[in-house]
There are 2 protein chains.
Amino acid sequence: MKRIVVVEDEAFMREELENLLQKAGYEVRAVDSFEHVAKNLLEMSPNLILLDLNLPNLSGFQICREVKQKSPIPVVILTSRDQMRDELHALEIGADEYLTKPCRKERLLARIANVLKRYEGRANLLEGEGFLLDRQTYTLYIHDASVVLPKNQGKLLEVFLLGGQKVVTKEDLCDALWGTSEFIDENALQVNLTRLKKTMTNLQMHQKIVPVRGEGYRLMMEDGTDEA
Amino acid sequence: MKRIVVVEDEAFMREELENLLQKAGYEVRAVDSFEHVAKNLLEMSPNLILLDLNLPNLSGFQICREVKQKSPIPVVILTSRDQMRDELHALEIGADEYLTKPCRKERLLARIANVLKRYEGRANLLEGEGFLLDRQTYTLYIHDASVVLPKNQGKLLEVFLLGGQKVVTKEDLCDALWGTSEFIDENALQVNLTRLKKTMTNLQMHQKIVPVRGEGYRLMMEDGTDEA
DNA sequence: GAAAAACTTACAGCGATTGTAAGTTTTTTT
DNA sequence: AAAAAAACTTACAATCGCTGTAAGTTTTTC
């Protein structure tokens with residue numbers, strides 16, 4: 001069963017939504033506290049997040065952005081703010097749907113179903129600049145093409161994507177490859193890295209792996225600018 | 001560059017749309033004749049279809065349904081029909097977005113960009129009942145999990161999915177596996193089929209392959225009903 | 001119950017991926 | 001400019017998973 005988390009501060013509205021969604025066959029949870037929402041949200045690992053924009057303290061935009069940075073979970077925004085500006089902004093930072101209150105039940109349900117449908121198979125995709133990586137199979141999607149990376153190359157790329165723009169140490173990489181970083185096999189790691197680099201250039205990817213002398217490696221844009 | 005095909009019978013509106021989309025950096029084509037639209041559409045292999053509902057002769061719904069049956073191309077509906085009934089129906093038969101005229105340019109562009117973003121990596125996915133298959137890598141997506149099928153199993157499953165509910169002959173299958181159906185190697189084919197069946201049951205897929213004595217095989221629902 | 005079709009299982013060959021080894025090149029330091 | 005450290009390259013052999021082969025058994029149909 002698909003799990004939906006509702007983020008809405010007004011109690012009456014929240015209950016109504018919970019009811020509606022439950023009747024429609026979803027498992028529903030609501031966020032009670034509004035501190036560290038983004039973090040709490042991810043821990044519930046929902047299939048979809050239904051988000052109000054006007055919340056105490058924190059902005060709904062901020063939550064949406066945080067969720068989208070850290071996960072591929074779809075976000076549907078349901079709000080009373082009907083300004084075009086807000087809608088465009090929401091879509092820009094990655095919201096998957098923007099609905100304004102009042103919203104007919106049928107429309108809400110239809111749009112939610114629609115978003116969920118589009119997310120089938122995306123649950124485990126990591127996002128890079130201009131490409132996607134499936135964490136389970138190491139299938140790489142780029143430019144309407146797809147390739148399955150050899151396991152080791154996939155594991156390495158995965159570590160880089162999870163690390164964001166940070167420097168990744170050789171320990172981290174060895175850990176990912178062999179489950180231990182006790183004795184680092186510099187050579188074997190080097191060879192595997194070279195292989196990944198080669199396939200990345202062959203695929204004309206927009207990010208590349210560069211060494212950080214003495215510290216490890218890091219993922220950058222082709223042209224040398226930082227990512228994101 | 002992403003290619004968008006516009007299906008709209010009113011000339012003024014059509015030109016305005018073409019203009020807007022071109023300025024936004026898309027390659028735009030328009031459909032002139034409205035016969036065999038669905039077929040013509042697919043031949044243009046667009047990245048997205050922008051569709052009006054009120055067309056001479058044919059219903060936009062029908063076009064949308066046909067496109068969705070035969071391809072994974074996203075369809076955005078832009079129409080003057082503002083009945084909730086129409087919107088629900090459109091979403092039900094697989095439309096990815098439903099917008100009503102008049103529609104602000106910014107909103108149209110934002111929604112189109114949004115849909116295109118969600119379709120990254122989906123260009124080569126075939127749809128089965130409850131699962132997706134990548135035609136290039138034979139990566140299979142099911143229940144938030146993914147597996148890469150061995151090439152032969154992938155090729156076989158691909159043939160079944162392309163064939164729809166029809167019976168697939170052994171010639172077809174041999175053709176897919178070895179590029180020829182001159183001498184059918186009954187045995188090798190049998191073994192490969194068995195392997196595919198096994199992984200399908202292991203993955204608890206909702207469709208299965210059943211023999212049609214003397215004719216070949218066909219893909220059905222678990223419970224024996226026909227598919228969709 | 002006999003024939004045809006469909007299926008099962010084990011094994012050996014082959015190819016792709018991986019770790020190893022022995023280098024060379026680049027960068028930094030003195 | 002020489003030496004040392006870090007980063008990289010290339011080729012080869014072991015390994016693992018996929019495939020076709022062979023020799024069966026089981027199921028269906030008449």
Side-chain angles (χ1 to χ4, degrees), chain A residues 136-140 147-160 167-203 208-220 224, chain B residues 136-140 147-160 167-203 208-220 224:
Chain A
Q136 301 188 45
T137 62
Y138 304 121
T139 305
L140 180 69
V147 202
V148 177
L149 297 182
K151 267 189 221 3
N152 282 356
Q153 296 185 37
K155 285 179 184 173
L156 291 177
L157 183 54
E158 184 185 13
V159 175
F160 282 109
V167 173
V168 176
T169 68
K170 296 185 183 185
E171 280 82 12
D172 295 336
L173 295 169
C174 287
D175 227 39
L177 286 182
W178 303 295
T180 175
S181 55
E182 295 185 32
F183 300 107
I184 298 181
D185 184 338
E186 295 266 0
N187 192 230
L189 175 59
Q190 176 67 61
V191 171
N192 278 292
L193 266 173
T194 301
R195 283 169 183 155
L196 172 58
K197 286 184 180 185
K198 193 176 198 171
T199 73
M200 287 178 78
T201 54
N202 285 346
L203 292 172
K208 64 177 180 182
I209 292 165
V210 295
V212 179
R213 199 153 236 254
E215 292 190 62
Y217 295 85
R218 102 197 199 70
L219 196 59
M220 320 182 70
Chain B
Q136 300 188 50
T137 62
Y138 303 122
T139 305
L140 180 69
V147 201
V148 178
L149 298 182
K151 268 190 216 12
N152 280 357
Q153 294 184 39
K155 286 180 184 174
L156 291 177
L157 184 53
E158 183 184 13
V159 175
F160 282 109
V167 173
V168 175
T169 68
K170 297 186 183 183
E171 281 82 11
D172 294 336
L173 295 170
C174 288
D175 227 39
L177 286 183
W178 304 294
T180 176
S181 55
E182 295 185 31
F183 300 106
I184 299 182
D185 184 337
E186 294 267 1
N187 192 229
L189 176 59
Q190 177 66 62
V191 172
N192 278 290
L193 266 173
T194 301
R195 285 171 181 155
L196 173 57
K197 286 185 181 186
K198 192 175 198 171
T199 72
M200 287 178 78
T201 55
N202 285 345
L203 292 172
K208 64 177 180 181
I209 293 165
V210 294
V212 180
R213 198 151 240 255
E215 291 190 63
Y217 295 85
R218 106 197 196 66
L219 196 59
M220 314 183 74

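Values below: every heavy atom of this structure, side chains too, minus hydrogens, waters and symmetry copies. Keep in mind that this is a model prediction, so the values were computed, not measured. Residue numbers begin at 1 in each chain, while the letters A, B, ... track the order of the sequences.
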Student: Looking at the side chain of A/Tyr217, which of D/dA7, C/dA6, D/dC18 is the nearest nucleotide?
Tutor: D/dA7
Student: What's the separation between atom CG in B/Leu156 and atom CZ in B/Arg195, rounded to the nearest 0.5 Å?
Tutor: 11.0 Å
Student: In whole Å, what is the span from the CG atom of B/Leu193 to the C1' atom of D/dG20?
Tutor: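 So the CG-C1' distance, B/Leu193 to D/dG20, works out to 14 Å.
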Student: For the side chain of A/Trp178, starting at C-beta, report the closest nucleotide among D/dC8, C/dG19, C/dC7.
Tutor: C/dG19
Student: Just by modelled atom types, is the B/Ala188 backbone N or O under 3.5 Å from a matching donor or acceptor in the B/Asn192 side chain?
Tutor: yes
Student: If you check every side-chain atom of B/Lys197, which of C/dG19, C/dA21, C/dC7 has the closest atom?
Tutor: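 Within the option list, the nearest is C/dC7.
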Student: Side chains of A/Thr199 and A/Asn202 only: does a donor on one sit below 3.5 Å from an acceptor on the other?
Tutor: no
Student: I want to confirm an ordering. Mapping B/Gln153 and A/Gln190 to their closest nucleotides on DNA chain D, which one lands closer to the 5' end?
Tutor: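 Nearest nucleotide further toward 5': that of A/Gln190.
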Student: How long is the line joining CZ of A/Arg195 and P of D/dC12, in whole Å?
Tutor: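 Roughly 14 Å, once rounded to whole Å.
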Student: Quick check for you: among C/dT18, D/dA6, C/dA6, whose closest atom lies nearest to any side-chain atom of A/Arg213?
Tutor: D/dA6
Student: Roughly how far, to the nearest 0.5 Å, is the CG atom of B/Leu149 from the OG1 atom of A/Thr137?
Tutor: 10.5 Å
Student: With respect to the side chain of B/Pro150, which nucleotide from D/dA7, C/dT18, D/dT19 is positioned closest?
Tutor: D/dT19
Student: Take atom CD of B/Glu215 and atom C1' of C/dA6, then tell me their distance rounded to the nearest Å.
Tutor: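 It is 15 Å, rounded to the nearest whole Å.
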Student: Take the protein atom CG of A/Leu189 and the nucleotide atom P of C/dA21, then report the distance between them rounded to whole Å.
Tutor: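 Nearest whole value for this atom pair: 16 Å.
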Student: Given D/dT19, D/dT21, C/dT27, which nucleotide is nearest the side-chain atoms of B/Val191?
Tutor: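 Shortest atom-to-atom distance from the side chain points to D/dT21.
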Student: B/Leu149 CG to D/dC18 P: how many Å, rounded?
Tutor: 10 Å
Student: Send over the distance from A/Asn187 CG to C/dT25 P, rounded to a whole Å.
Tutor: 17 Å
